[in-house]
Amino acid sequence: MIEDDLRAAFARREALAPPTGPVRAAIDRAVVRRRRRRLRLRLAGTAMAVVAAALAGFTAIAPRPPETANLLATPSPTPTGALNVLLLGLDQAGAGRRADSVLLVHVPADRSRLYLVSFPRDLLVPIPGRGTDKLNASFAFGAGPAGQDLAGGYRATRQVVAQLTGVRIDAGAVLTYGATRELTDAVGGVPVCLPTTVRSHHTHRTYPAGCQRLDGAAAMDVLRQRYGLPDAGLDRDRNAGRYAAGLLTQLREQGMLTNPVLLSRLITKVGPDLVTDTGELSLPALISAAGEAAAVEPVAVGLPVRYTDRQPYGDRLDPALAPGFLAALRADRLGEWTAAHPKQVTALR
């Protein structure tokens, strides 16, 4: 009886039900938009990887954290002031994973060029909640016991670098040496001018002093080396700057910084996603600002430090040079500082 009453009730109301065709069409359109949005997000992450590689000479590895979902938010106005982009190059995967390369890309307000500021991994810094430790340890603390929280490692290092320099970090990325091989080969090799011979501790290959074109395997090998170099890790940071300059030259000469078709082809070859942080900037605004400044050769400079043999061992800020350097960075006057201190600038050729 109850079943008959229900059937009768549904029959009486059936005429009032809206047609299903428009509803189904709306659902289908929503699904298509969602799929297209996911595709755009994947492409955006990879495009950021190419831009980051153009800035710093490293390519990206990791799955995207939640921050990446904001990459294609409503486009922000093109920024007019100076920008600072933090790029972290990771060592091996697993517990205790550290950022062996810490590079701050300073984009001046006049967009005249990029300044690649390297921070020694052994720089002794205050780490919130951990006391004083080496800079590269900040990533390990933030990434967690298993070293899997790459976004957390980035945030922890960003906080330390921002406190150390007194500048705002506008954007950043977590990077690795691994995909450098594919990117370098995709652009036909990268020209690098080495001031001294580099003997690989890992492959036992020898790279002579002078200008040479490195393929992917060689580039990855050179960028890992610090043993046997006069200034060890500091020289490794300088070689990363040289590689970055060569990569920028290749991308610029091949028109990949401005041609969407060529860039898409490169994206397809490189492929992996990237952990990124664009802060309050939209991805198009960030690329526009960085691309304009990348039109000329960058200036590579290291944070002035001195090694200390008292415990804890490591690098400390150079009391004679570091205060003036950091003041110039905060005031967006690195051009004046580097012109006045040419010995602190890395020779790229």
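For the single chain, residues carry numbers from 1 onward in sequence order.
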Inset, instruction - Begin with the C-alpha distance, continue with both residues' side-chain angles, and end with the deciding distance and a verdict on side-chain contact (heavy atoms from CB on, under 4.5 Å) for Val192 and Val222. - result: CA-CA 10 Å; Val192 175; Val222 168; 5.6 Å; no
Inset, instruction - Would you sort out whether Leu214 and Met220 count as a side-chain contact (heavy atoms from CB on, under 4.5 Å), showing the intermediate values? - result: CA-CA 9 Å; Leu214 302 179; Met220 184 176 65; over 6 Å; no
Legend entry - Donor + acceptor pair across side chains of Tyr115, Thr338 (<3.5 Å):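 No, Thr338 and Tyr115 have no side-chain donor paired with an acceptor closer than 3.5 Å.
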Is there a path of hydrophobic side-chain contacts, each under 4.5 Å between heavy atoms of I, L, V, M, F, W or Y residues, that connects [X] with [Y]?
X: Val167; Y: Tyr154; answer: yes
X: Val125; Y: Leu303; answer: yes
X: Leu123; Y: Val117; answer: yes
X: Leu124; Y: Val102; answer: no

Legend entry - Partner of His106 under side chain to side chain contact (heavy atoms under 4.5 Å, CB included), chosen from Val85, Leu329, Leu83: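 Running side chain to side chain contact (heavy atoms under 4.5 Å, CB included) over Val85, Leu329, Leu83 with His106 returns exactly one hit, Leu329.
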N/O donor-acceptor pair under 3.5 Å between [X] side chain and [Y] backbone:
X: Ser138; Y: Lys134; result: no
X: Arg121; Y: Ser101; result: no
X: Arg330; Y: Thr165; result: yes
X: Gln250; Y: Val190; result: no
X: Gln212; Y: Cys193; result: no
X: Asp315; Y: Val305; result: no
X: Asp332; Y: Ala109; result: yes

Legend entry - Cation-pi, Phe139 ring and Arg98 (6.0 angstrom, 45 degrees):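 Relative to the ring axis of Phe139, which defines the angle, Arg98 lies outside at least one limit.
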Legend entry - Step-by-step salt bridge (Lys or Arg N to Asp or Glu O under 4.0 Å) determination, Arg238 to Asp231: CA-CA 10 Å; Arg238 294 172 185 134; Asp231 287 333; 2.9 Å; yes
Enumerate, atom names and distances included, each donor-acceptor pair closer than 3.5 Å involving a side-chain atom of residues 341-349, sequence neighbours excluded.
from   : atom 1 : to     : atom 2 : distance (Å)
His341 : ND1    : Trp337 : O      : 2.9
Arg349 : NE     : Glu297 : OE2    : 2.8
Arg349 : NH2    : Glu297 : OE2    : 2.9

